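Take a look at the structure below.
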Amino acid sequence: MISFFVLFEEWDCAAAAAARAGARLCRQLDAYCAGTGPAPPAHEIAESRRLTEEANRRLAALRSLLHEQREQVALI
C-alpha cells in the first residue's frame, strides 16, 4: 500500500508542475495573440510538453499498480 501513496504523490507533483507550465504557456500565447508579447519560445513549449508527458507516465504507473493490486485481491 505504501507504493500507492508514493506513486500518487509523485504523480500529483508531476501533474501540478505540468499544469503550471501549461498555464504559463497559455498566458504567453494569449499575450502573443493580443499583440502584447512575443511568441512563446520553443524551449517553453518543449518543457510544457515534457512535463505533461512525465505526469502521464506517472499516472500510467499508478494505474498499473492499482490494476496489479486489484488482480491480487481474492474474490469471495
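Please read all numbers here as calculations on a predicted model, not as lab measurements.
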Quiz item: Are Leu66 and Leu59 connected in a single hydrophobic cluster, I mean Ile/Leu/Val/Met/Phe/Trp/Tyr linked by side-chain heavy atoms less than 4.5 Å apart?
Solution: yes
Quiz prompt | Test item: Arg63 and His67 side chains (from C-beta on) under 4.5 Å apart, heavy atoms | solution = no
Quiz item: Quick one: salt bridge (charged side-chain N to carboxylate O under 4.0 Å, His left out) partners of Glu47, sequence neighbours excluded?
Solution: Arg50
Quiz item: To the nearest 0.5 Å, what is the distance between CZ (Arg24) and CD (Glu44)?
Solution: 5.5 Å
Quiz prompt | Side-chain (Thr52) to main-chain (Ser48) donor-acceptor, under 3.5 angstrom | solution = yes
Quiz item: Can you hop from Leu25 to Leu51 via hydrophobic side chains spaced under 4.5 Å?
Solution: no
Practice problem: Locate the shortest heavy-atom distance separating Leu29 from Pro40; write the atom from each residue and the value. | Solution: CD2-CG, 3.5 Å
Exercise. Quick one: closest heavy-atom pair of Ala55 and Ala18, and the distance?
Key: CB-CB, 4.4 Å
Quiz prompt | Candidates Arg58, Arg57, Glu54 - the one meeting side-chain contact (heavy atoms from CB on, under 4.5 Å) with Trp11 | solution = Arg58
Practice problem: Any chance you could measure Thr36, atom OG1, to Gln28, atom CD, to the nearest 0.5 Å? | Solution: 11.0 Å
